[in-house]
Amino acid sequence: MDTVVPVSNRAGYVLFLNVSFVLLACVFGIINLHSTELLVLGHRGGNQQDCHDFVKLEDYRAKCLHLQSNNPCVSQGFVDYLYLFYCKFGRFPLLGHVLLFLWLLVLFYLLADTASEYFCPSLENLSKSLKLSPMIAGVTLLSLGNGASDVFASLVSFKSSDTSDLGFNTVLGGASFVSCVVVGVVSISLRHRRIQVNKSAFIRDACFLLLVLLCLLTIFISGEINVLGAICLCSMYIVYAVFVYISSTRWKGVCGDTERESDLSYNSDLSVPILSGIEKGISEIVEEGSREDCQETNKNCCCMRSPICLVLLSILKMPLYLPRRLTIPVVCEERWSKPFAISSAVLAPLLLSALWIFCEGDTTTNTSLTVYGIGLLIGIILGIAVFFTTEKSIPPRKCLFLWLAGGFMMSVTWSYISAQELVALLVSLGYISGISPSMLGLTVLAWGNSISDLMTNLTVALYGGPEGAQIAISGCYAGPIFNTLIGLGLSLVSSTWSQYPSSVVIPSDPYLLETLAFLVGGLAWALMVLTTRDMRLDGVLGGGLLVIYFTSVFLRLVQTLGPLQLPSMW
C-alpha cells in the first residue's frame, strides 16, 4: 500500500509530518512538566452509562472533572485524548483540534510507513525463504502485506465490544471507497483510451465479492455469530485462492499465451502483484513520466537536495524512525547494520514485555519487575549471540528464517501499536465532535487506509498501458475480498474465541445495512455497465460509481447530523 509521489513532494510530506511530531512532542512535554497528572492510560475502560453521562455534559470544566473521577471512556491506546483535550486545552479548543488532527496524520503515516518499510519486506523475504510458489505467496503473505493497515485497524477495533461497529464500518467503508472511488477515478482517467479489462477475471472477482457481502448480510440480520461461523467466514478466502488458481491455470492452458501474457494473467488474476516488482515498475514509470516536469521544477527541488535540508530532514525523522529501527530486525543487504541488529535483539524483548504489562492492566510491582527481568535477560542473551555470529558489512546467512520471523513479529507489533492508537484517537474525536465513531470509521479511517490504493492504482493504470489498467481494476475487487474475509474474519474469530461457547452479539446498527446496500449497488452497476459496453473503462462506469459512493456518504452524514435518523431494524 505504498503511496507513489515524486521524490520532492514525498520528502516535503515526510518533513511536514516530522515537524508536526516534534511540535506535538514539545507541547505534550510542556504540559506534563506543569502537571502532576499523567496522560497515559492503563488498561481500563469506563462503562457505557458513565460515557453517556459524559456526553451530556456541556462545559469543558465539568467534562474534565468527570474524566478525573471516572475511568476513561476509551479503553484503547496509550494516551487519554479526552483528558488531554478537555483538561489541558479546554480554554483553547481550536488548538486542541489542530494538535489532534496533526497527530492523526502522524499516526496514519506511521501505520502506512511501518507496513511498507518493515512489514511488507519481511513478508516477501519470508515467502522466498519458505520457497513458496508465486501463486501461494500472492494469495497469502503478499496479499496480507497489501492490506496490512486495514487488517490491523480491524483487529484493534474488535478488541472492545464498544468499538466493534467501528471495525465493521471501516471494512465496509474501505471496500466502498476502493470499489467505487478508485475504480471510478481510474475509469474516468482512461475513458479516451478505450481500454478493455479481462471479462472472466472481473466477473469472478466481482461475483465473489458479492457472495462475501451476502454472508455479511446474513450475519447482520442474525445479530450474532459464533466461533464456527467466524472460522467459516475466514476460510472463504481459501476457497477464493483455490478458485483463482484453478481458473488461471485453466485459462493459461486453453489460451496458450506467451510468457509475457502469462505473467500478466497471473498478476491480473491474483490481483495482488508481487510487492517488489510492482514497486520497481511504478518507480520507473513515475521517473520516466515526470522527467520533463523535474527539469522545469529543478530549482524548486534543489532545497530538498541540499546537504543542510537533508541533515535537517534526517534529524526530524529520528523520533519516528529510530524507535522502530532499534527494535525491528532488518537483514536486507541495503539496510544491514550490525549495531542496529544488536540493539533490535536486546530491545525487542523489552518492548514486548512492556506491551504485555500494559495489556494485562493492574499488575503488581513484583510481577512487572519479573516480566521486565525476563525480557532483559532474553535480550542480553540474543544481543551477545548476534554480536558473535554476525559480520559488520554482510547480513547473516545462517538462521535466516529466525531473523525474518523476528522482523515479521516486531513489524506486526509496531503496526498493531499504531493501529491501536489510531482507533483510540478516532473514538476520542467522536466523543469530542459529537460524531459517532462508526461514521469516522466509514470515512476518515477508511479514507486514510485506502488513499494510497487510489494513488498507486491510478499511477499503474495511467502509465502501465492495458496491462497496468487490468492489474489496477483487479486489485480494486480482490483487495476488499481479502480485507473482509481475513481482516474482519480474523477479528471475529478472535472475539468469538474469547467468549466461547457463547456467541458474539453484532451491534444493531441499521446504517450497516444501508452501507452494504450501496456497496452492492456499486458492484451491480459495474457488472451491468462493463458487460454491456464491451468491458471498456469509460466515463459512464466511473461517473456512476462516484455518484453512488458520494450519495452514500452524503446520506450518512445527513443521518448522523440528525434529520434522517433510521430506527433500529432488529
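Note that the coordinates shown come from a computational prediction; the quantities given were computed from them, not determined experimentally.
- Closest non-hydrogen pair, Tyr477 versus Ala526, comes out as OH-CB, 3.5 Å.
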Might you work through the side-chain contact (heavy atoms from CB on, under 4.5 Å) test for Arg324 and Leu110, ending with a clear yes or no? CA-CA 10 Å; Arg324 293 176 295 165; Leu110 275 176; 3.9 Å; yes
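- Side-chain atoms of Arg193 come within 3.5 Å of backbone atoms of Leu462 as a donor-acceptor pair (strictly under, hydrogens ignored).
- Between Ile417 and Thr413, the closest side-chain pair of non-hydrogen atoms falls below 4.5 Å.
- Put simply, the side chain of Arg533 does not reach to within 4.5 Å of the side chain of Leu541, judged on heavy atoms.
- Side-chain contact between Leu320 and Asp113 is absent, with no heavy atoms from C-beta onward closer than 4.5 Å.
- For the pair Glu117/Ile328, no side-chain contact is recorded, criterion being any heavy-atom separation below 4.5 Å from C-beta on.
- Looking only at distances, a side-chain donor or acceptor of Thr531 sits under 3.5 Å from a matching main-chain atom of Met528.
- The two residues Met410 and Thr327 have their closest heavy-atom pair at CG-O, 3.3 Å.
- The CG atom of Leu216 sits 11.0 Å away from atom CD1 of Ile221, with the distance rounded to the nearest 0.5 Å.
- Taken from CG in Leu422 to OG in Ser415, the straight-line distance is 12.0 Å, to the nearest 0.5 Å.
- At least one donor-acceptor pair under 3.5 Å links the side chain of Arg191 to the backbone N or O of Ile188.
- Contact detail for Ile195 and Pro466: the closest heavy-atom pair is CG2-CA, 4.1 Å.
- The nearest pair of heavy atoms linking Ser552 to Phe518 is CB-CG, 3.5 Å.
- In this structure, Ser474 and Asp205 approach most closely via the heavy-atom pair O-OD2, 4.2 Å.
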Would you please test Tyr237 and Val212 for side-chain contact (heavy atoms from CB on, under 4.5 Å) and show each step? CA-CA 10 Å; Tyr237 192 76; Val212 172; over 6 Å; no
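- Outside the 6.0 Å centre-distance limit, the rings of Tyr431 and Phe85 are not counted as a close aromatic pair.
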For Val520 and Leu217, what are the C-alpha separation, side-chain angles and deciding distance, and is it a side-chain contact (heavy atoms from CB on, under 4.5 Å)? CA-CA 11 Å; Val520 171; Leu217 176 62; over 6 Å; no
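- Annotation: the span from Arg556 atom CZ to Asn169 atom CG amounts to 4.5 Å, rounded to 0.5 Å.
- Proximity of Ile219 to Leu233: side-chain heavy atoms (C-beta onward) are separated by under 4.5 Å at one or more points.
- Atom CG of Leu210 and atom CD1 of Ile481 lie 9.5 Å apart (nearest 0.5 Å).
- Ile432 places a side-chain heavy atom less than 4.5 Å from the side chain of His97.
- Ring geometry for Tyr240 against Phe208 counts as tilted: the plane angle lies between 30° and 60°, on a 0 to 90° scale.
- At a threshold of 4.5 Å between non-hydrogen side-chain atoms, the residues Leu107 and Trp103 count as touching.
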Let's go through Leu213 and Leu523 carefully: what are the C-alpha distance in whole Å and the side-chain angles of both, what is the deciding distance for side-chain contact (heavy atoms from CB on, under 4.5 Å) to 0.1 Å, and is it a yes or a no? CA-CA 11 Å; Leu213 296 179; Leu523 290 172; 3.6 Å; yes
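- Within the 4.5 Å cutoff, the side chain of Leu492 has heavy atoms near those of the Phe168 side chain.
- A distance-only check finds no donor-acceptor pair linking the side chain of Ser494 to the backbone of Leu490 [under 3.5 Å].
- In this structure, the separation between CG on Leu426 and CG on Leu104 is 5.5 Å, given to the nearest 0.5 Å.
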Which side-chain N or O atoms in residues 171-184 pair as donor and acceptor under 3.5 Å with protein atoms at least two apart or in another chain?
| residue | atom | partner | partner atom | Å |
| --- | --- | --- | --- | --- |
| Ser176 | OG | Leu172 | O | 2.9 |
| Ser179 | OG | Ala175 | O | 2.6 |

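- Across every non-hydrogen atom of Ala230 and Ile225, the tightest pair is N-CD1, 3.6 Å.
- Taken to the nearest 0.5 Å, the OH atom of Tyr118 stands 6.0 Å off from the CZ atom of Arg325.
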